[in-house]
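Read through the structure below, which is laid out as structure tokens, and then see the notes.
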Amino acid sequence: MSNLWDDDDDDASPICPACGVSALPAEVPGDEPECENPACIGFGESL
């Protein structure tokens with residue numbers, strides 16, 4: 001039986017190093033995720 005709350009989640013959301021907010025993964029495979037927090041100094045920049 002699979003545990004849905006395993007700590008070893010390979011699909012974890014990337015975290016912005018500037019603000020610490022998790023971002024959504026890139027929509028297009030191969031693209032880098034971007035910070036989506038408008039209050040962050042890294043908004044719109046690749047993580």
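We number each residue from 1, following the sequence as shown.
Residues passing the side-chain contact (heavy atoms from CB on, under 4.5 Å) test with Ile15 are Ser22, sequence neighbours excluded.
Closest heavy-atom contact between Glu32 and Leu47: OE1-O, 3.7 Å. Of all the heavy atoms in Cys35 and Gly42, the pair that sits closest is CB-O, 3.4 Å.
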